[in-house]
Structures are given as structure tokens and as C-alpha cells.
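Everything on this sheet refers to the single structure shown next.
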Amino acid sequence: MSEAVLEIHQLGFQYGNKPVLSDVSVSLQPGKYYALLGPNGAGKSTLFSLICQLLRPVSGSLHLMGKDTQQHTRYALKQLGIVFQQPTLDLDLTVEQNLRYHASLQGMPGKLTRQRIQEELTRFDLANRQKDKVRALNGGHRRRVEIARALLHKPRLLLLDEATVGLDQNTRDAMNAHLRELCSHEGITILSSTHLIDEVKPNDELIVLLNGQVKLQQRCQEAMASLGVDSVQQLYRQMHIGGEQ
Amino acid sequence: MVYFTCFLGILTRELLRFWQQRSRLLSALVRPLLWLVVFAAGFRAALGVAIIPPYETYITYEVYIMPGLAGVIMLFNGMQSSLSMVYDREMGSMKVLLTSPMPRSYLLVCKLMAGALISTLQVYAFFVIAWLLDVQAEPAGYVLVLPALLLTALMLGALGLLLSSFIKQLENFAGVMNFVVFPMFFLSSALYPLWKMQESSEWLYQLCLFNPFTHAVELIRFAMYSQFNVQALAVTLGCTLAFTGLAIWGYDPKRGMVRRKAGG
């Protein structure tokens, strides 16, 4: 097995006295798509905030590409591309201006920035919208811009926090197919939190988070076989019920 | 080079946003111009100004309040940027800034500097209009005042940043206007010299001396007349460093700057 992109070891976090995550251990391998499933309040967004260092863990450790994120903060953040649950594009700026802003925050030089913007906008079929204000784009296009932005600096790990919420079925399907291509063709690891179970595919790696604890980390089809269920929906329901008990 | 690229990116974004919201410039100028044109006309006789440093002769009330009104533009701008930081945080776009691999303290200082430059541009726009209204300082003063304006804008921006790190909801922001902006403005030498305040009330006078905005206004006032007020500089610089340090501490992830949400 190759070196893990992200290694989380016995991670714990609490808001005040309220524990949110406890003893979370997860290992993400390169080029794989990980679906993080869990109900509202399971701790998915908190886990993401800990990975991208908006919060500090109370206990445990996170290693990105073998380096402790607490000790190598800049290195760790450079390896991450993040699409947050809430839209974070500046609506009054153009698509290109939004991407340029992100590139400057990554410290990317001008020539490389221009080149990467063209590559990513072409990849996401947005080259003709480059000069449009984000406000003029529909929800699906805005999400694509956010993903293009997250990939601009060529991260090793892409974090998607409920990135497809609010999109219509066709847009979601297209985006999900595209994201899996990124894993297989570009070797990017994706950790995508969702509560839309139909988005999880049999070949995805599944991580189920319930009440702040990891209840399962396994390839989806293997997990279904071991639990004797036919669909991810059934698997999740079984896990969820088990987790509640 | 990487750091400079980052600063340029933040500055460009702030300038673009400012350009997109040109009404902000208009509203930033309306407030001091109302004071300069309307309030000063009404109170000119009632609030006669004696000869006090840095002035070497009698001056009109309009000339007296011009440095204070420059400070007011920056005071409201600092609070405006604080409001937009709270808004950005509520909307999530603040996370884009805070997940950059650049040191967080550097990112926050860049944001402060970009805001200070925009504030200073607005003050110069105000000076141009005041000049056209025949309210003028010494020509050299307009150049010499630049460092004082930048330092004041940084101090007030840092105060705004500090407040934004402690304000958890946009709704709480109205309190800032009542408890920070108006007291800072009225308990200062922006609208009246402090000896007038001392004549009325010793403890109000002491409060004015305690107010960093008083010293920022005096720094601007002296610089506009090619003079240097060491005490004003020391207080303004000290407060800038203190507010910036506290704001950086306020945005430390150990304190959980991101809103504590139950979701997910």
C-alpha cells in the first residue's frame, strides 16, 4: 500500500463541554474517492474544519502526505483543495477575478496562474464564462467554478463539503462523474461529505460517521456484501439504526 | 515574492470590490461633507476656535474640523470593513482567506493594509472636495499627512478586525455603532478642541485623552501643518500594534474563530 494522503489518528474535538468527534481514525489512499456519510450533526463539517485547520483538535493527530499538519501548517494547506458547503465565491467579481484571487492566496506567480486558469476553466467547460460575473451564473456553474478554483494549485487532496447540495439531478450526475475522473486520471484523492446516498457508487470508499465516531471505513461494495444488503441506502439505514442503538 | 503576490491579490480584490460598490465612496463622503458644509455653518459662531497648536493664527471652524472629518471617514471605514468581515464569516467566504497556506497573521495584516489604502484614497477624495469648498490646509501638508492617514487607517482597521473576531453574529453589529463608533467620535478632538471639553467637564476631558481616536486626529492635524506630534504618534502606533496583535489572537484557530454550528 502506498503512503496515505491523509492519516487521521484518534482525533477528538469538542465545542466547550460538548464532544463532537471522538477517537476518529481514518486513512485516505491516493487516487481514491471517499464518500463521507453521516446525518446532520454527525461531525462531518467539524472534521473538515479540523483538516483545513480552521479548528485545532483537542486530541489525536492529522498527517498529510506524512507530515503533521500542526507542525507543517503551510505545507499541509498547500496540499488541500477545499469546496465549502456554503458558496464562497465573490458574486460581484468575474469568474477569472475569483480564480486569480485564490491563486494569489496560494502565492502562485502570474504566468502559472494564467495557464492554470485556462486549463481548469477548459476542463470544466467554463472557458466562455471567464469574464462573466459570478452573479450571472446558475448554481451548477458556480459549483463548477468553486471546484475549478479548489484545483487551481494542483492539490493532492480535494475536500468537498456537501458540494452538490441544491443542484439538479443532471448537474449532480455530471459533476459526480467528473470528480471520479479526477481521481482515476489525475490521481487526486477526494473526500466528499454528503447525505445524498444516491451519490455513493459501489467502487467508492465509504466512511460512515455517526455521533462523532467512525462506524465504517470500507469499499462500498465490500461493505454491502459483508452486511448482506443490496444497496447503499440499505447499508446506511442498517448502520444508522445500529449507531443509534 | 510569494508574499508580495499574496498582498497584491488581496489588495486587487479589495479595490475591485470597492469599484463595484461605488456607492460606498459616495456614502463615505456624504457624512463628513454634511458636517463640513451644514454643521460647521450652523455652529461656526457658537464654537469659535482660539489659537491652539498647530495653528499659528485664527482659523475657521471648517478648517479646524477637517482633520477630524478625515479621521471620521477612516473610523467608519474601519467599522465597515469589520462588518464585511463578520458578513464574510457568516457567508463562509472568510474561510477562503483563512485556508490559504500563507501565515494567518500575514493574511490579516494584508487585509488591514488593503483596507487602509482604500480608506486613505477616500480621505483624499474628501480633501479635494473640501479644497473646492475653500477649506484648505498648507499644500505641503497634503503630502506630509499621508503617513499619518495610513497609520490612523491601520489603527482603526485593526480595531474593526479585533471587534469582528469577537462579534459572533451580524445582528450584534448595531451595538458597535452605539458603543464604539459614536463614543470614539464624540469623545475626541474631531469636532471641538479639548480645552473646551475641559471647561465643561474634567472627567469627560480625561475620557477624551484616553480615546486613541483623539490622538489619531491630532496626528493628522499636526501633519497637515507640517508638524510632528510625538505623543499622538506614540499612542496611535501603540494602539495599532496592540489592536493588530489582539485581532490576530482573536482569529487563532485555537479559539475556534469559525462559527460554532451544530450542522454536519
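Every chain is numbered from 1, with letters handed out A, B, ... down the list of sequences. Values reported hereafter were calculated over all heavy atoms of this structure, with side chains retained and with hydrogens, waters and symmetry mates removed.
Smallest separation of non-hydrogen atoms from B:S100 and A:L77: O-CD1, 3.4 Å. Considering every non-hydrogen atom in both B:V96 and A:L105, the closest pair reads O-CD1, 3.8 Å. The heavy-atom pair separating B:G9 from A:S104 by the smallest distance is CA-OG, 3.1 Å. Taking each heavy atom of B:T5 and A:G107 in turn, the nearest pair found is CG2-C, 4.3 Å.
With a 4.5 angstrom heavy-atom cutoff, A:D90 touches chain B only via side-chain atoms. Within the 4.5 angstrom heavy-atom criterion, no atom of A:P57 approaches chain B. Using a 4.5 Å cut-off between heavy atoms, B:T12 does not touch chain A at all. Contacts between B:Y3 and chain A at a heavy-atom distance below 4.5 Å involve the side chain alone, from C-beta outward. Heavy-atom distances place both the backbone and the side chain of B:L97 under 4.5 Å from chain A.
Annotation: side chain of B:M102 is in contact with side chain of A:R74 (closest heavy-atom distance under 4.5 Å). Within the 4.5 Å cutoff, the side chain of A:Q97 has heavy atoms near those of the B:L16 side chain. Using a 4.5 Å heavy-atom threshold, the side chains of A:Q86 and B:K95 count as touching.
More than 12 heavy atoms of other residues, nucleotides or ligands sit less than 6.0 Å from atom CH2 of B:W131. More than 12 heavy atoms of other shown residues, nucleotides or ligands fall within 6.0 angstrom of atom OH in B:Y124.
Scanning residues 134-147 of chain A against chain B with a 4.5 Å non-hydrogen threshold yields no residues.
Using a cut-off of 4.0 Å between Lys/Arg side-chain N and Asp/Glu carboxylate O, A:D92 and B:R17 are scored as not salt-bridged.
Sorted by first and then second residue, the ring pair (Phe, Tyr, Trp, His ring centres under 6.0 Å) pairs involving residues 60-90 of chain A (not counting sequence neighbours) form an empty list.
Considering only residues two or more places apart in sequence or on other chains, A:S193 meets the side-chain contact (heavy atoms from CB on, under 4.5 Å) condition with A:L36, A:K44, A:F48, A:D161, A:E162. Residues passing the salt bridge (Lys or Arg N to Asp or Glu O under 4.0 Å) test with A:K131 are A:E96, sequence neighbours excluded.
For the set A:K133, A:Q79, A:H102, the entry with the most heavy-atom pairs within less than 4.5 Å of chain B is A:K133.
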